[in-house]
Each structure stands twice: as structure tokens, then as C-alpha cells.
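Note on naming: letters A, B, ... go to the chains in the order of the sequence lines (proteins, then strands), and numbering restarts at 1 for each one. All values reported here derive from a predicted model rather than from experimental measurement.
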Amino acid sequence: MSRDIAILGVGMHPWGKWGRSFIDYGVTAARAALKDAGVDWRAVQFVSGAATIRNGYPGQVAGATFAQALGWQGAQVNTSYAACASGSQALAAARSRILSGECELALVIGADTTPKGFLAPAKGERPDDPDWVRFRLGITNPTYFALYARRRMALYGDSVDDFAQVKIKNSEHGCENPNARYRKRFTPAEVAASPMVANPLRLMDVCATSDGAAALIVASLDYARRVGRGDAPRVAAISTVTPTFASANIEMPDIATDSAVAAPAHSFRAALPAKAYEEAGIGPSDVSLAEVYDLSTALELDWIEDLQLCARGEAAALLRSGATRVGGRLPVNASGGLACFGEAVPAQALAQVCELTWQLRGEAGARQVSGAKVGITANQGLFGHGSTVIVKR
Amino acid sequence: MTRKTEKPFLEGWFAQGEAGAHLLGSRCTSCGTYYFPRQARFCRNPACAGEQFEEVPLSRRGRLWSYTDACYQPPEPFIAADPYLPFAIAAVELEQEQMIVLGPVVQGVDVAALTVGMPMELVVETLSETATERHLSWKWKPAP
């Protein structure tokens, strides 16, 4: 029995700072996905919402909120919270329902309205919360991105010019994406002239926070065939594994790694795609394109290596060769990535799947990756959450 | 001018001993895994069911794993000086504990003075001040 499900429709609300409720964005994305799928909302049997807690909308539960806004119609409902991986876990919940035969047709949806500036912890004096402790010390999200970037420079000889080239590449891709927030081509001089945020990373190396929404209509393969969509792109794997003790890297929001005295150190980022490749029964050499979580320019290079698309330490050389731009051998972030979108936490992992779907259908316009057959995503957020999704056609 | 009260910003996380400052960690008596912040209930090693911990001072010297700085004023609960003073941040690898610990770098040491792999040592220094209090924290400092 195939473990795949079909992606019948995708939709997004453009990323930006629109000053409206996340519900507006979500409904817009859901209606776009329903229209793309040719599905009536009342036929949807399961609504799988991706939530955020820290910065979004405490008091409202994503799945039911969207279901009500679209019009209560008695579907089963679920809400997933997994920080930046909320979208992938919502997709995993829908896949489980479909593969178990509990439903045939599901809406997966995530939307966010974000504050300006740094993502910050909840208020109050809470020393038991590592997120509180690190902000009390002045350790923000870009601190971690910068530590990884500096480490690359020391270990592999990457330069700040390499990091700037990631931004320039992604800005060229994002220019062609109507859902991207920043649609401007950057030059090396512009990146170098932007203010330093966390040395060696400048403002143009670090992603913003954005409003946005993404939605998917997914179905069983039987359903897809019945409606004449047996050739639709399929979800071939979803990995949402936890880290394995001892986790090797210093991760948000912690101020220390696990001690590796009694157990070997493991890389969390590398574990996420490894599980997905195993589940899909394919390898890195089968990948046509990747959408990775470029919270910083340098982090895109880490992800390329974690996805095993090149050997450890060689991602900057791959970038310099032009392989990772659209038109190259292995385009990375053809959507423009977080560099052009900014992060809308519960929508972001779904936005990655939307891009892969358009690419595999050959509908990505000027940013189309020719002959795209297999796409992979990578993302990671707070508290040991991350995901990799493989989409194939 | 009245003297400000000095206190650690977190009680029981670090101490100033005769040999210098050190972090207060804990160690699982079953498998030897170190913890910072301290762990006192359950060992997080999946192969260990340990529930007994001893409090241990962590190594006060290590090697610089990576570093950066905070050019923009962090949001609350960070308490900033006015005007805001950027500071460096270090990730230091402790050899005996095989773990990496973050901390601010002492005032007056810029990222230009730091190199991955250099020896670092722990000190206690002012993290923030209010009108009546001076809050102390552990910080990293290049070691001789």
C-alpha cells in the first residue's frame, strides 16, 4: 500500500505586514487552495490547523478558527503546535487521517500576524523558562544564527561575501514570486552596507518576521484518481523527529548543549532529512530542488549539507558554482526563501510545500525549475521541533 | 550617592569561589551526564533512568566554539543601559563536560579580539543595573 497522499490544491496569502487578523490571511489562502483543487469547501472532511502560541493569537485555536471563518460545516478538526514546524505537523495529522481511511479530503492551513522586530518571549519573571533566561542575557534569535555562521567561517573558510551571495541569489528568485514580501534584487554592496545585527550577519543576512498564510488541499490517492487528478504531486515523506541525545548544536532557546559525556553527540538538522529520505525510499541524488529554512543566509548553506546535497563544508563552493540558483543543477529556495518572505511561523512550512507543488506542476513561471520531479523541504524552530517534507511527482 | 545592592540575576546558577567564578551545574550519578542549567529530577539520557544528581561546579575554562555580538538592543526581559551598549556573546566548549555554554563576553572585549578555538575563562560581572540594584551574571573572558 502506498504511503503517499495527493496534493490537489495549494494557495497562499501574500507575505507582508498587512495589519490585519491572521484569520483574514488564512481564509484567503484556504479559498485559493480550494479553488486550485476544484473542491467545494463543504466537501472537506478534516481541517488541520497549524498554530503559533508565543506571538500570534493566544485565545484562538487555529483549526477551529479557520473552520468557523470558512463556515462551520461539521468537518473534523485538529490543531497542531510545533513552533516553526507547526505546518508540517498539521500536514502529518492530515496524512494520518487519510492513510488510516478516516477521511479522504483535508484542508491543511497556517497563518500568522507577527510583531515588528525581534521575536520576544512572553512577559513576566520566569527563570524556569530557557526562553526567558536567554533574552534576559541579551541572546536573541540572530545570536544563534550568527554563532553558526561564524563557526562555518572558522571550519570551512566561508566568507561574508558567500553569505551575501545567498541573499542575492534568493532575491533574484523572490523577484519572480508574487507571494513574496520583498521583491527587489540586491547587490553585494547593498548587503554589505546594511547594518550589522549579530556579527558576521547584517540586516540583509537575517530574515524578517511577516504576516502570511498558506493552505493545502490534500486527498487520498483513490480520491485523486476519482476526480481525474491521479497525476497530482504527492507527499512522499514527512519527518518531524525529535533531536537525539546528546544534541550537538547549541539550539534556540537553550543556553547550553546536552553534555556528550555519556552518549555521542548527534546533529538534529541532519537527522530531519535522513528520516524523510528513508521514508520516501529515495536519496539526495534524486532531488530536483530544495526549499530550506534560511533564517539567515549562512544557515541556507548548513541546510544544503544537512540535506546531503553536497559534502560537509562544500555548500559555499556549490553556491559559487551557480548550482543552487534557478537554471543551475540543484536550485535552492526557488521561491526566494525566507530572505524574500520573512517568517510567518505557522504558515512557513506549508509555504515551502506550496512552492514545491507549483514547481512540480510546472506552474512556477519565471522561477520554474525545469524538469522538477522531487522536491524536499527543511525547517527548524524552537524546542526541538523541525521538519522535512518530500514532494514528488 | 547610595550604594547599589548587588545580586545575581539568577540565584544559584553561578558562584564566585576562591579559584575564580564557575557555573553551578549538576551531574547524573548514574551515567555522568552534566547539566547546565542544573537538572535535579530525571536524567535526559534516554539510556539512563537516573534520578540522583550531585551539584558540581563546571569547568571555568574552555575553548571558544563560536562568537557574535548584539548590535541592536535586545527586547525585554533584557535590561539595557541608556544609551544601549553593544556587547559580544561567546559559545564556549567545556572539554570535561563535553558541552557548549553561552554567555555574554565581558565589557570592553569586542568581536575583533575573539578567535574560534581561543581559551576563555568564566568571570562574574555586572549584567544590568537599575536605580537601586546591580545584577550580576556569568560572563566569558579571553583567558591568558
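- Heavy-atom pairs under 4.5 Å with chain B were tallied for A/L155, A/I139, A/L201, A/T244; the largest tally goes to A/I139.
- With hydrogens and angles disregarded, no donor-acceptor distance shorter than 3.5 Å links the side chain of A/N199 to the backbone of B/D69.
- Residue contact with chain A, scored on non-hydrogen atoms closer than 4.5 Å, involves the backbone and the side chain of B/I79 alike.
- Counting heavy atoms from C-beta on, the side chains of A/Y148 and B/S66 never come closer than 4.5 Å.
- Across all non-hydrogen atoms, the minimal contact from B/M99 to A/T257 is CA-OG1, 3.4 Å.
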Applying side-chain contact (heavy atoms from CB on, under 4.5 Å) to B/W138 and A/L137, what does each step give before you reach the verdict? CA-CA 10 Å; B/W138 76 89; A/L137 287 167; 3.7 Å; yes
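- When all heavy atoms are compared, the tightest approach of A/A262 to B/C31 is CB-O, 3.3 Å.
- For chain B, no part of A/A246 is nearby; none of its heavy atoms comes within less than 4.5 Å.
- Residue with the most contacts toward chain B among A/A263, A/A154, A/G138, A/A146: A/G138 (heavy-atom pairs, distance under 4.5 Å).
- The side-chain heavy atoms of A/Y144 and B/L102, taken from C-beta on, include a pair separated by under 4.5 Å.
- B/Q52 CD: 12 or fewer foreign heavy atoms inside a 6.0 Å radius.
- Neither the backbone nor the side chain of A/F145 comes within less than 4.5 Å of any heavy atom in chain B.
- Remark: A/T143 OG1 to B/I89 CD1 distance equals 4.0 Å, nearest 0.5 Å.
- Of the two parts of A/D254, only the backbone, made up of N, CA, C and O, holds a non-hydrogen atom closer than 4.5 Å to a non-hydrogen atom of chain B.
- Heavy-atom pairs under 4.5 Å with chain A peak, among B/T115, B/L10, B/L23, B/T33, at B/T33.
- A distance of 7.0 Å separates CD1 of B/I100 from CZ of A/R151, quoted to the nearest 0.5 Å.
- Between chain B and the options A/I255, A/V261, A/D258, heavy-atom pairs under 4.5 Å are most frequent for A/I255.
- For B/E11, no part lies under 4.5 angstrom from a heavy atom of chain A.
- A donor-acceptor pair shorter than 3.5 Å cannot be found between the side chains of B/R27 and A/S259.
- Interface remark: B/V111 contributes side-chain atoms only to the contact with chain A (heavy atom separation under 4.5 Å).
- Considering only heavy-atom pairs separated by less than 4.5 Å from chain A, the leading option among B/E93, B/K139, B/H135 is B/H135.
- Side chains of B/W13 and A/V133 form a contact here, defined as non-hydrogen atoms less than 4.5 Å apart.
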Could you go through B/S128 and A/R136, starting from their C-alpha distance and side-chain angles, then the distance that decides it, and tell me whether this counts as side-chain hydrogen bond (donor to acceptor under 3.5 Å, both in side chains)? CA-CA 9 Å; B/S128 57; A/R136 182 68 181 83; 2.8 Å; yes
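- The environment of CD in B/E133 is crowded: more than 12 heavy-atom neighbours from other residues, nucleotides or ligands sit within 6.0 Å.
- Taking both residues in full, the closest heavy atoms of B/F36 and A/A256 are given as O-CB, 3.3 Å, listed atom of the first, atom of the second, then distance.
- Ranked by non-hydrogen atom pairs under 4.5 Å with chain A, the options B/Y34, B/W65, B/Y35 are led by B/W65.
- For B/E129, the CD atom sits in a packed shell: over 12 heavy atoms of surrounding residues, nucleotides or ligands are nearer than 6.0 Å.
- In this structure, the separation between CD on B/Q73 and OG1 on A/T140 is 12.0 Å, given to the nearest 0.5 Å.
- Around NZ of B/K141, the count of heavy atoms belonging to other residues, nucleotides or ligands within 6.0 Å does not exceed 12.
- In this structure, the portions of B/A70 lying under 4.5 Å from any heavy atom of chain A include both its backbone and its side chain.
- When all heavy atoms of A/A198 and B/T68 are compared, the pair lying nearest together is C-OG1, 3.2 Å.
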